[in-house]
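Here is the structure we will look at, set down as structure tokens.
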Amino acid sequence: MEKIKDLLSFFGGKEKLKEFARQHETPAYIYAKSIVEHNFLAYQKHLSENQGRVCVAIKANSNPELLKILAAHGAGVDVVSWAEAQRALDCGVPGQKIVFSGVGKRRSELERAIDAGLAAINVESQAEFELIQNLCKEKQKRVRLSFRLNPNVDANTHPKISTGMFENKFGMDHLQVEDLYKRSHQDPWIQAVGIHFHLGSQIFTQDPYDQALDQAFTLIDQLRKQSMIVEFLNVGGGIGLREQSIEEHIHAIEMHMKKIVDESHGKNIKIFVEPGRSIFGNAGILLTQVLYRKQTSHKTFVIVDAGMNDYMRPALYEAPVHLEYLGESKNHETMDLVGPVCESTDTFAKNITFTVCMQGDILAMMHVGAYGYSMSSHYNLRSRPAEFLWDGAQYRCIQEEILA
Ligand SMILES: Cc1ncc(COP(=O)(O)O)c(C=O)c1O
């Protein structure tokens with residue numbers, strides 16, 4: 001836990017956070033500007049403009065202020081809806097740095113993407129490809145496409161966040177991608193520019209990437225032998241986050257990037273990466289207050305004011321919650337940490353041994369900057385929490401609480 005504890009200093013430290021909680025409503029998300037920047041630059045430094053691009057997956061966090069910070073550092077983005085693309089454009093990310101993924105893009109979204117001249121639309125099926133062909137012909141406009149390969153590689157992650165196996169809905173097999181790439185070659189409105197894969201999230205070993213890279217380079221060789229142009233290989237995101245210090249996290253990013261860049265060396269190809277969790281995850285905390293202690297004949301429940309509508313990952317796919325206690329107690333007990341939402345799955349931790357939390361005590365849920373606020377909802381007609389940015393000197397509100 002020491003490693004996580006050190007993290008609090010990036011958010012102003014324990015005392016400032018306690019003062020913050022006295023002055024503001026909880027639950028509230030707080031982001032550390034410096035961590036977002038450190039994480040992004042750890043990726044960026046391996047890819048100069050002519051070596052490739054870091055396209056941050058903003059489904060993980062689409063707060064406009066964070067996007068502006070990343071845009072100022074030259075970030076590209078990976079989007080999965082036109083609304084995300086529009087937000088990125090509004091925050092200063094040029095269309096030529098946006099890649100558009102997703103298995104179910106609507107016709108109107110594709111039309112806008114074609115008009116905007118994105119870096120690439122990532123094609124995920126033959127039907128989508130054919131719709132894009134028709135739209136381009138109607139509009140008499142050219143579009144840049146990349147094709148998502150499903151390499152059927154097990155990323156050894158939770159099944160609910162695995163995306164690179166045949167049983168997952170994402171991407172296409174080698175033969176389908178090859179076929180569509182060739183068909184692009186014969187279509188004057190389609191410019192096929194790249195190959196893409198994304199294996200899943202919370203990945204901690206390089207092995208799945210190595211396997212997918214092997215397949216992707218084999219495919220790229222085959223395409224090039226048939227005179228097709230492949231400008232870039234997009235290796236997706238997926239680098240995981242666990243109880244670790246900032247230094248260890250940066251080291252993991254660096255090792256990953258070094259491996260990818262080494263393996264693509266001499267292949268005359270640009271590399272795109274799409275990190276989400278590893279950019280925002282450890283840069284966000286959720287402050288919450290203890291509403292009640294509830295002692296039953298069976299167990300102790302500590303009920304906090306944050307619920308699964310504020311932070312959904314534990315309920316959705318059993319994501320572990322790393323907690324920091326900001327109160328005064330010294331003793332420990334075994335308890336369940338639960339939220340106020342009317343679902344039994346609104347449980348952040350079960351049977352954990354943790355500091356005895358008293359009514360009014362403040363807790364920080366650590367590592368919740370990715371897929372935290374962006375997945376929050378108004379379930380039970382609860383508010384979506386406010387978001388703040390710690391810039392090293394002050395907490396600035398970057399998203400007011402939104403009432404249901
Ligand atoms: C296509 C694509 N790229 C990148 C990401 C980001 O993954 P992560 O947040 O694990 O880095 C995702 C996440 O679902 C994705 O679907």
Side-chain angles (χ1 to χ4, degrees), residues 35-36 39-40 42-44 52-63 66-67 70 75-81 84-85 88 97-105 109 113 118-125 128 145-151 153 155-165 168-172 177 194-206 208-209 212 216 232-242 249-250 252-253 256-257 260 271-284 312-313 316-317 319 367-375:
I35 302 183
V36 174
N39 290 343
F40 176 74
Y43 278 101
Q44 171 98 322
R53 173 150 300 142
V54 186
C55 293
V56 176
I58 64 170
K59 64 174 81 63
N61 193 315
S62 47
N63 182 284
L66 298 184
L67 296 195
L70 290 167
V77 296
D78 162 57
V79 302
V80 285
S81 67
E84 283 190 355
K97 291 187 178 179
I98 299 178
V99 290
F100 188 3
S101 310
V103 293
K105 305 176 198 78
E109 294 184 302
L118 303 186
I121 300 176
N122 239 331
V123 177
E124 302 239 11
S125 66
E128 184 191 0
L145 299 185
S146 53
F147 295 86
R148 181 163 177 176
L149 173 69
N150 181 328
V153 164
N156 297 317
T157 185
H158 191 289
K160 289 190 180 163
I161 49 176
S162 162
T163 58
M165 300 189 70
N168 305 127
K169 65 182 174 180
F170 301 99
M172 296 168 283
V177 171
I195 296 294
H196 171 240
F197 64 76
H198 171 70
L199 304 176
S201 219
Q202 282 293 62
I203 302 174
F204 293 104
T205 58
Q206 200 63 29
Y209 290 100
F232 67 80
L233 170 62
N234 182 340
V235 302
I239 292 298
L241 200 62
R242 52 185 156 199
H249 180 61
I250 299 285
I253 295 173
H256 172 67
M257 287 307 292
I260 302 270
I271 295 294
F272 283 21
V273 287
E274 300 174 336
R277 190 184 308 272
S278 51
I279 297 287
F280 300 110
N282 59 356
M312 156 166 225
R313 293 184 53 244
L316 194 63
Y317 36 65
H367 286 177
V368 298
Y371 308 103
Y373 186 87
S374 63
M375 280 189 174

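When a ligand or atom number is given, it counts from 1 through the structure's own listing order. The model shown is predicted, which means the values in this text are computed figures rather than measured ones. Just so you know, these numbers use all the heavy atoms, side chains as well, and skip hydrogens, waters and symmetry mates.
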Looking at atom 9 (O) of ligand 1, what's its closest protein heavy atom, distance included?
Y371 OH, 2.5 Å
Ranking R148, E124, E274 by closest non-hydrogen atom to atom 4 (C) of ligand 1, top hit is E274
Counting from 1 in the order shown, the ligand 1 atoms closer than 4.0 Å to a non-hydrogen atom of A57 are 4 (C), 5 (C), 6 (C)
When you measure from atom 10 (O) of ligand 1 to every protein heavy atom, which one gives the shortest distance, and what is it?
S201 OG, 2.3 Å
Aromatic centroids of Y209 and H256 separated by under 6.0 Å
yes
Would you verify whether the NZ or CZ of R242 falls within 45 degrees of the ring axis of F204 while also being under 6.0 Å from that six-membered ring's centre?
yes
For P275, counting its heavy atoms only, list the atoms of ligand 1 lying under 4.0 Å from any of them.
11 (O)
Please check if any side-chain donor atom of S374 sits under 3.5 Å from a side-chain acceptor atom of N61, or the reverse.
no
Under 3.5 Å between any N/O of G237 and any N/O of ligand 1: does that happen in this structure?
no
Tell me whether ligand 1 is touched by A60 - counting only heavy atoms on the residue side and a distance under 4.0 Å.
no
Checking the side chain of Q202 only, and the main-chain atoms of L241 only, is there a donor and an acceptor separated by less than 3.5 Å?
yes
Reported OH-to-CZ distance for the pair Y371 and F280, which is rounded to 0.5 angstrom
9.5 Å
At what distance is the nearest protein heavy atom to atom 7 (O) of ligand 1, and which residue and atom is it?
H198 CE1, 3.3 Å
Option of least heavy-atom distance to atom 16 (O) of ligand 1 (set: H196, Q202, K59):
K59
Is it true that G236 lies under 4.0 Å from ligand 1, counting heavy atoms only?
no
Does this structure show an ion pair linking K59 with E84, if we count only N-O contacts that are shorter than 4.0 Å?
no
With no hydrogens and no angle check, is any side-chain donor or acceptor of E128 less than 3.5 Å from a backbone partner on E124?
yes
Counting only heavy atoms, which portion of F170 has something under 4.0 Å from ligand 1: side chain, backbone, both, or neither?
neither
